[in-house]
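See structure below.
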Amino acid sequence: MEETEEKTIELEEGMECVQKGLNKLKIIIEGEPESFTSDEYVMLYTTIYNMCTQKAPHDYSQQLYDKYKEAVEDYILTIVLPSLNKKHDEFLLKELEKRWASHKLMVKWLLKFFRYLDKFFIKRAEVPALNEVGLSCFRDLVYHDVKNRVTDAVIALIDQEREGEKIDRVLLKSVINLYIDMGKGRMDYYVNDFEEAMLRDSACHYSRKASTWIVEDSCPEYMLKAEECLQKEKDRVSHYLHSSTETKLLEKMQNQVLITYTNQLLEKEDSGCRALLKDEKVEDLTRMYSLFHKFPKGIELVAEIFKQHVAAEGMVVVQQAADVANNKTESSGGSHEQDFVKKAFELHDKYMVYVKGCFADNSIFHKALKEAFEVFCNKSVAGSSTAELLASYCDNTLKKGGSEQLSDEVIEDTLEKVVKLVTYISDKDVFAEFYRKKLSRRLLFDRSANEEHERLILSKLKQQCGGQFTSKMEGMVTDLSLVKDNQTHFQEYISNNPATNPGIDMTVTVLTTGFWPSYKSCDLSLPVEMAKGVESFKEFYQKKTKHRKLTWIFSLGQCNLNGKFEQKTIELILGTYQAAALLLFNASDKWSYADIKTELNLADDDLVRVLASVSCAKYKILNKEPSGRTVSSTDHFEFNSQFTDKMRRIRVPLPPVDDRKKMVEEVGKDRRYAIDACLVRIMKAKKVLTHQQLILECVEQLSKMFKPDVKAIK
């Protein structure tokens, strides 16, 4: 066989063929109804292939590489740039979109024809890929020439849309994507050539708008417009801007519309934050929080206004309670103290809804609410501290026959609210002292409606104020729970030792000294029956326990006596002092004040109260000579056999003793001890401290229970 040698394609001949193909490609790209036939395509591809694969010196790869670049540049210079230079504004953008699409199509065709060159020559010669060359040509010749005009046109369209005009968003997205395409996915061209200018323009746009709105619109109207603009800018980003622009764009808009006018907007006289709180505009307050919650300056101002508003409302409640007390009138549902606490609850419930709803449970607003309540909860209400009023309110809620018959759920909710208010008062030790006093009366005189409720509030107080706060109160409740067992054992002891039986029904409540409030004890000369009972219990208790001393507090005792009057026998429920005094009249119908005092061994203060309760008050069991409403040391008393009452069983109360002053003094004394203990504790731990540091540390530790007086610390 004879070997045939392929004909070498000379440069001129090959280039002529290539040029012919390129000319036809231009016509096709420009939209003429022409296309490459299969033969033409194969011919062009083969020619280029052969020119690249011929042996040197006929390897024309470099010349073809240059020809490729020349073809792209020629198309841009002769067709693309002239067409773009004739167009402006939106028409420029449409033309650019069209020309960029045509350019990409042309490069796509060329890559097919020059495929071999792109596959092998590029790597060997270490030159940019053909696709990259095509992009570089467009970027260098077209993009850099028109970018400023294009950016201006895009921004103009965005501004038109902001003014309410309808624009071609698809066109905008396509043109904006060109900035990203020029950087081959990198954002440099997008940021430097478009985004920065667009953000500057946006800032100017919103600066103009905001300066008009702040003068013309109310706060709610202004916020509605701001919210609407915020949403529209987000919408813009999702439709045609790059997602990375959203944060910057919103920041610019918020800076001009919200931050610049924060104080002016929120403090608008008739429509600002104060007015919205006053008029209970929940929706507007929610919008306000939504707009300002990311800006410390804005949210702190809203919180401060909220705090001032709540504090002012609280002071109104304090003043109302004071006015009611001064007028000596009572509102329906209870006294002024009860009314104050209820209104404080209502106020707290109302504004907690705001905190959790409008202000999204933000801790800044919880703090503001707390500080607002601390302002008025530490004011004196008609001469009483809030601590005293809360203790009284608890007493009314927890004792039998309280002001209202409430369900368990309502009581639990009420106790929760009380504990919440306790956390706001600075003198928690005052509350503890008054609460303990009232708790003791409920427990000792069987006035507590429900032991579970007593334990419930103590557990809530313990949770909020610590175990030390409630330890004594818990001890009191525990003491009372042991009374039943103690009494059972005492009855067993009497049954086993008949000689010790006092002949009366007797119940003894043993209290632990450290838990209970301090009570005045006296050596009352008891009637024989009672004295025998006391001795019997002493014997029983000494055998049951070792090294425990009993101190009898007769002032807390209760006695049931049968009074045999001429008309009928009446059961009298009395205090131990009252019972001891009346039992004297079994021996003689008439006694002088001095004789009674000697016989009972009572102090004048106590004896006057006792005799007044049975001779000058509602139930005149004794007749007093001379008659009158007060008892003096020269009076004589006689059993009133004519006394009667429609009831067969009556409680004879003692005139109340105002021990408030004494309790306040006890609190003061306890505070001095607390300060001493705290100072010792700190110095034991720290060893060495400056005087100022020691005072600060002491104040910090004690402020959980009360606000210590620095002079007292010094």
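Counting begins at 1 with the first residue of the sequence.
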Under 3.5 Å, which donor-acceptor pairs link side chains of residues 250-260 to any protein atom two or more places apart or in another chain?
{"from": "Thr260", "atom 1": "OG1", "to": "Asn255", "atom 2": "O", "distance (Å)": "2.7"}

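- By the 30° and 60° cut-offs, the orientation of the rings of Trp213 relative to Tyr222 is perpendicular.
- Between the side chain of Arg99 and the main chain of Val80, no donor-acceptor pair closer than 3.5 Å is present.
- In this structure, Lys428 contributes its side chain and Ile425 its backbone to a donor-acceptor pair below 3.5 Å.
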Problem set entry | Derivation and outcome, salt bridge (Lys or Arg N to Asp or Glu O under 4.0 Å), residues Glu221 and Lys225 | CA-CA 6 Å; Glu221 290 166 342; Lys225 288 181 178 177; over 6 Å; no

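- In this structure, the separation between OG on Ser102 and CD1 on Ile28 is 12.5 Å, given to the nearest 0.5 Å.
- The salt bridge (Lys or Arg N to Asp or Glu O under 4.0 Å) pairs that include a residue from residues 185-197 are Lys147-Asp193, Arg186-Asp188, Glu195-Lys248, where partners are two or more places apart or lie in different chains.
- The shortest non-hydrogen separation linking Arg139 to Met182 is NH1-O, 2.8 Å.
- Taking the centre of each ring, Tyr189 and Phe194 stay at or above the 6.0 Å mark.
- Listed by chain and residue number, Phe376, Lys379 satisfy the side-chain contact (heavy atoms from CB on, under 4.5 Å) test with Met315 (two or more places apart in sequence, or in another chain).
- Under the rule for a side-chain hydrogen bond (donor to acceptor under 3.5 Å, both in side chains), the partners of Glu304 that lie at least two apart in sequence or sit in another chain are Gln308.
- Note on residues 234-257: pairs passing ring pair (Phe, Tyr, Trp, His ring centres under 6.0 Å), not counting sequence neighbours, are Tyr190-His242.
- For Asp349, the side-chain hydrogen bond (donor to acceptor under 3.5 Å, both in side chains) test picks out Lys417, with sequence neighbours left out.
- Residues passing the salt bridge (charged side-chain N to carboxylate O under 4.0 Å, His left out) test with Glu346: none are found, sequence neighbours excluded.
- Listed by chain and number, the residues in a salt bridge (charged side-chain N to carboxylate O under 4.0 Å, His left out) with Glu163 are Lys209 (sequence neighbours excluded).
- Residues forming a side-chain hydrogen bond (donor to acceptor under 3.5 Å, both in side chains) with Gln264 (at least two apart in sequence, or on another chain): none.
- With sequence neighbours left out, Ser211 forms a side-chain contact (heavy atoms from CB on, under 4.5 Å) with Tyr261.
- The aromatic rings of Phe373 and Tyr424 lie tilted to each other, with the angle between the two planes from 30° to 60°.
- Between Lys420 and Glu416 there is no salt bridge, since no side-chain N of the basic residue sits under 4.0 Å from a carboxylate O of the acidic one.
- Applying the ring pair (Phe, Tyr, Trp, His ring centres under 6.0 Å) test to pairs two or more places apart or on separate chains, those with a residue in residues 74-103 are Trp100-His103, Trp100-Phe138, His103-Phe138.
- For Glu228, the side-chain hydrogen bond (donor to acceptor under 3.5 Å, both in side chains) partners at least two apart in sequence or on another chain are Lys232.
- Between the Thr245 side chain and the Leu241 main chain, no donor and acceptor come within less than 3.5 Å of each other.
- Contact check on Lys86 versus Glu95 returns no salt bridge, with no Lys/Arg side-chain nitrogen under 4.0 Å from an Asp/Glu carboxylate oxygen.
- Counting only distance, with no hydrogens or angles, the side chain of Lys268 and the backbone of Ile214 share a donor-acceptor pair below 3.5 Å.
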